[in-house]
Undergrad: 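Quick one: structure below, then a few questions.
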Amino acid sequence: MLVPIRGKLRRGLGLVLLFVLALGLGIGNPVWANNKTEIFWDSWGVPHIFAANETKLMEAFGWAQAQGHGDLLLTLYGEARGKGAEYWGIDYLDNDQYVHTMNIPRRSAVWLDAQTPAMRRDLESFAQGINNYFQQHPDFSQPSLRQVLPITAQDVVAHVQRLLLFEFVTSPQAIASLAGQIPASNVPIASNAWAIAPKQSESGHGLLLINPHLPWGGRFRLTEAQLVAPGLDLTGAAFVGTPVPAMGFNNNLGWSLTVNYPHNVGKYALTLTEGGYEWDGEVKSFNRHSHQINILQGNGSYQTLQWETLASAAGIVVAQRGGKAYTLQIPGLERSGAISQFLQMGKAKNLEQFEAAWQEQQIPMFNVLYGDRQGNIFYLYNTLTPVREGSWQDWDRLQPINRSADLNSDYYSYEQLPKLTNPHSGWLQNSNDPPWTSTFPPELEAADYPPNLAAPDLSFAPALLRTQRSIKLLENTPPLTFEQFKQKALNSQMELGDRIVPLLVSAAKALANPIGIEAAEVLQAWDKEANPDSRGAVLFMLWALTIGADKVLGGTWDPSDPLHSPSGMADINKFMAVLEGVAAQVKFLYDDLAVSWGEVVQMQAGNFTAPANGAPSNLGSFRVLTLGTIANQRFQALAGDSYLSLVEFADRPRAQSLLVYGNASQPDSPHNGDQLSLYSQNQLRPVWRSPREIKAHLERMETL
């Protein structure tokens with residue numbers, strides 16, 4: 001008799017909990033009981049969506065994204081179709097040619113057909129939610145954007161494919177560089193992430209930092225939400241236009257992603273010959289595909305552009321010159337399950353289930369940092385890299401190829417990838433560095449893994465000084481309170497400043513030039529940080545950028561002193577002359593050699609502006625802003641810290657977060673830029689997840 005009674009007791013308790021949830025939110029009946037879908041918008045414009053099932057949840061998330069990002073959504077889907085020039089004119093032609101050359105529209109149809117019935121329903125529901133919103137709000141967006149409607153599940157898949165494979169894995173800039181059209185560019189895509197074990201936390205609970213650095217608009221824009229349905233209670237940040245958060249946490253665990261650089265795109269040079277290209281001792285013909293784009297003209301008419309793309313056994317042809325055809329072989333073209341994998345991660349309840357999601361290997365790149373309520377922390381260097389000869393460095397270069405034996409469609413298995421669970425240090429970090437410094441002292445060795453998976457050592461880190469700063473912030477620290485963890489995550493101290501300013505000051509004073517001495521006094525008083533009131537940061541940044549931040553330090557990275565090398569000034573005489581010249585310029589432009597950082601460097605989102613807090617990554621700031629110049633000799637943040645979320649895995653996780661540019665991109669939304677001032681003031685906002693918290697900070701409520 002005990003088993004049936006317990007079963008009834010569990011069911012009874014479940015109904016009581018549902019009633020309490022409903023009562024706490026102020027709704028008359030439980031969501032699951034009345035089959036309604038509720039969206040509770042909090043005072044920061046974050047939607048908390050409660051639905052009776054996953055399909056309804058996806059529909060509501062589409063509806064919510066349309067409200068916050070309608071104009072951007074329609075633009076992104078139009079671009080992913082390769083019809084931007086048809087809808088909006090010639091400014092979109094380059095995008096459309098890229099989308100069609102990479103075969104995104106055709107492949108997205110194949111990917112959609114490959115989804116499970118449940119995932120397809122989710123995608124169709126997400127698209128329908130977007131359509132429903134626009135149907136019920138016919139004046140919400142401009143007619144030129146509304147012509148993209150209706151949105152389909154294939155549009156969603158095409159957008160995800162474009163973002164994942166053709167912006168992260170490769171990009172238009174990388175392809176243009178390979179084709180010899182432009183030099184290699186430094187696209188501002190980076191991230192920080194930390195995972196702290198309970199033994200390094202004063203509360204005895206694990207801690208997680210989620211901190212992507214991305215451009216502040218377009219296809220990299222993030223949106224925050226809480227998604228709740230039976231089997232799912234996930235809070236995190238999704239890329240606008242995608243139906244599942246890419247980073248976040250549930251009641252049991254959380255994860256962050258950072259960009260890695262696996263060099264898993266094959267870059268090949270084929271030898272052209274009459275009738276095709278040399279392959280396996282014969283002449284092989286290219287596969288030819290015709291494309292057509294209609295281009296909207298100023299008078300409302302259209303011009304039609306027709307062109308042909310070529311595909312080879314070694315991938316897509318992106319350029320021809322000098323008797324060679326240059327091709328790309330992109331990993332993951334046949335892997336259609338990325339959205340499903342993200343959803344599986346969000347539903348995971350423990351490390352075993354979380355790893356099971358990654359074992360599917362549907363996502364072609366990214367470092368993964370993880371923490372959970374059981375006290376585990378975990379790092380994974382994830383990549384879809386073909387099994388092949390050569391080193392990691394080799395595969396960043398063009399490879400001559402003329403035979404099928406040099407191609408391999410098999411990827412390294414999940415078991416062969418670098419990963420680390422619960423290191424002795426009690427912490428994990430990644431700041432886009434190779435796997436071997438995921439903790440310190442290192443516990444992973446490059447020699448234990450295939451040489452073409454990852455960079456061999458820290459000298460290849462794209463932001464060496466930021467990585468060194470990250471490790472220094474965590475190593476040899478006593479157990480952290482949540483507040484100490486937050487202050488470390490918000491640290492803007494420049495590693496380059498720490499390393500070079502004492503040398504600059506002593507050299508400037510020795511030269512006894514008045515402007516040099518004045519500059520030395522400003523730098524000596526500087527706190528080495530990039531807070532709004534930091535004085536000396538502007539002078540130092542302009543000096544370092546005039547020289548080239550990567551050329552300031554002397555020598556090279558030394559594996560025997562991994563956290564403090566290189567050091568010294570590369571050319572003291574030249575650099576002192578530059579300091580004096582820059583100091584004179586700063587004084588002329590701003591009337592104050594000690595002008596504050598926030599007066600010169602600003603942030604803008606929507607109708608909000610604020611003094612900046614953070615600095616460029618190559619100056620060694622853990623807190624990152626990528627800057628561009630604006631009027632009046634000022635600088636403005638274009639990219640960098642996007643979403644910050646600090647999670648403590650208590651019995652029910654608590655968190656503080658910030659979506660720096662706000663949780664809406666619609667021009668007239670009050671939440672477009674409303675979190676900017678918090679970032680400027682070194683603050684985060686609490687994440688409200690329980691019914692009581694949401695009700696206490698409710699802005700409005702919708703029932704779908």
Side-chain angles (χ1 to χ4, degrees), residues 82 97-111 113-114 158 161-162 164-172 174-181 262-291 306-338 361-362 364-365 383-413 450-453:
Q97 287 186 289
Y98 179 64
V99 165
H100 286 287
T101 298
M102 297 298 114
N103 203 30
I104 294 171
R106 294 177 183 175
R107 191 181 303 106
S108 62
V110 176
W111 276 26
D113 287 343
Q161 182 187 129
R162 175 196 182 209
L164 195 59
L165 294 182
F166 300 103
E167 294 293 345
F168 279 106
V169 174
T170 190
S171 68
I175 291 171
S177 175
L178 177 66
Q181 298 170 6
H263 292 175
N264 54 355
V265 175
K267 304 174 183 179
Y268 296 110
L270 296 167
T271 299
L272 294 170
T273 188
E274 186 175 352
Y277 59 98
E278 295 178 3
W279 194 255
D280 287 337
E282 300 177 353
V283 176
K284 188 174 180 65
S285 298
F286 289 104
N287 294 324
R288 299 176 179 271
H289 300 284
S290 297
H291 304 277
Q306 295 180 328
W307 83 102
E308 186 177 66
T309 57
L310 305 179
S312 73
I316 302 164
V317 176
V318 296
Q320 296 182 54
R321 64 177 185 273
K324 301 290 183 181
Y326 299 110
T327 71
L328 293 177
Q329 190 176 50
I330 298 167
L333 296 180
E334 73 291 353
R335 304 280 175 113
S336 59
Q361 291 192 285
Q362 298 295 305
M365 60 180 289
T383 175
L384 282 177
T385 293
V387 178
R388 56 197 181 186
E389 300 296 324
S391 69
W392 176 83
Q393 298 97 306
D394 292 336
W395 287 98
D396 194 34
R397 298 189 285 264
L398 275 169
Q399 304 286 322
I401 192 168
N402 60 15
R403 59 179 191 159
S404 53
D406 292 331
L407 291 174
N408 195 338
S409 59
D410 294 329
Y411 299 116
Y412 288 105
S413 68
N452 52 26
L453 275 180

Undergrad: With a 4.5 Å cut-off on side-chain heavy atoms, are H263 and N452 touching?
TA: no
Undergrad: First locate atom OH of Y277, then atom CG of N402, and finally report the distance between them rounded to the nearest 0.5 Å.
TA: 11.0 Å
Undergrad: With rounding to the nearest 0.5 angstrom, report the CD1 to CG distance, I175 to L328.
TA: 5.0 Å
Undergrad: Short question: side chain of N264, backbone of P364 - any donor-acceptor pair under 3.5 Å?
TA: yes
Undergrad: To the closest 0.5 Å, what do you measure between CG (L384) and CG (L333)?
TA: 10.5 Å
Undergrad: Please determine whether a side-chain nitrogen of the Lys or Arg among D406 and R388 lies less than 4.0 Å from a carboxylate oxygen of the Asp or Glu.
TA: no
Undergrad: When rounded to the nearest 0.5 angstrom, what distance separates OG in S391 from CZ in R397?
TA: 6.0 Å
Undergrad: For residues A313 and K284, report the shortest heavy-atom separation together with the two atoms involved.
TA: CB-CE, 4.2 Å
Undergrad: Under 3.5 Å, side chain of T383 to main-chain N/O of P262, donor-acceptor pair present?
TA: no
Undergrad: Might you point out which heavy atoms bring S285 and G275 nearest each other, and give the distance in Å?
TA: OG-O, 3.5 Å
Undergrad: Are any side-chain N or O atoms of S312 and backbone N or O atoms of G315, one a donor and one an acceptor, separated by less than 3.5 Å?
TA: yes
Undergrad: Provide the closest heavy-atom pair for L407 versus A314 in the form atom of the first, atom of the second, distance.
TA: CD1-CA, 4.1 Å
Undergrad: Please give me the minimum heavy-atom distance between D394 and G390, naming the atom from each residue.
TA: OD2-CA, 3.5 Å
Undergrad: Could you state the interatomic distance from OH (Y411) to OG1 (T385), rounded to the nearest 0.5 Å?
TA: 9.0 Å
Undergrad: Carefully, step by step, assess K324 and L272 under the rule side-chain contact (heavy atoms from CB on, under 4.5 Å).
TA: CA-CA 5 Å; K324 301 290 183 181; L272 294 170; 5.7 Å; no
Undergrad: Between the main-chain N or O of N408 and the side-chain N or O of Q329, is there a donor-acceptor pair closer than 3.5 Å?
TA: no
Undergrad: Of all heavy-atom pairs between T101 and I316, which one has the smallest distance, and what is that distance?
TA: O-CG2, 3.8 Å
Undergrad: For W395 and K267, indicate whether the former's side chain and the latter's backbone hold a donor-acceptor pair under 3.5 Å.
TA: no
Undergrad: Counting neighbours of CD on E389 that are heavy atoms of other residues, nucleotides or ligands and sit closer than 6.0 Å, is the number greater than 12?
TA: no
Undergrad: Measure the spacing between OG1 of T170 and OH of Y98 and express it to the nearest 0.5 Å.
TA: 5.0 Å
Undergrad: Look at the rings of H289 and H291 and say which category their plane angle falls in: under 30° parallel, 30 to 60° tilted, over 60° perpendicular.
TA: tilted
Undergrad: Mind listing the closest non-hydrogen atom pair of Q362 and S336 along with its distance?
TA: OE1-N, 3.3 Å
Undergrad: Under the side-chain contact (heavy atoms from CB on, under 4.5 Å) rule, what do M102 and L165 come out as? Steps first, then yes or no, please.
TA: CA-CA 10 Å; M102 297 298 114; L165 294 182; over 6 Å; no
Undergrad: Do T309 and H100 pair up side chain to side chain, a donor and an acceptor below 3.5 Å, judged on atom types alone?
TA: no
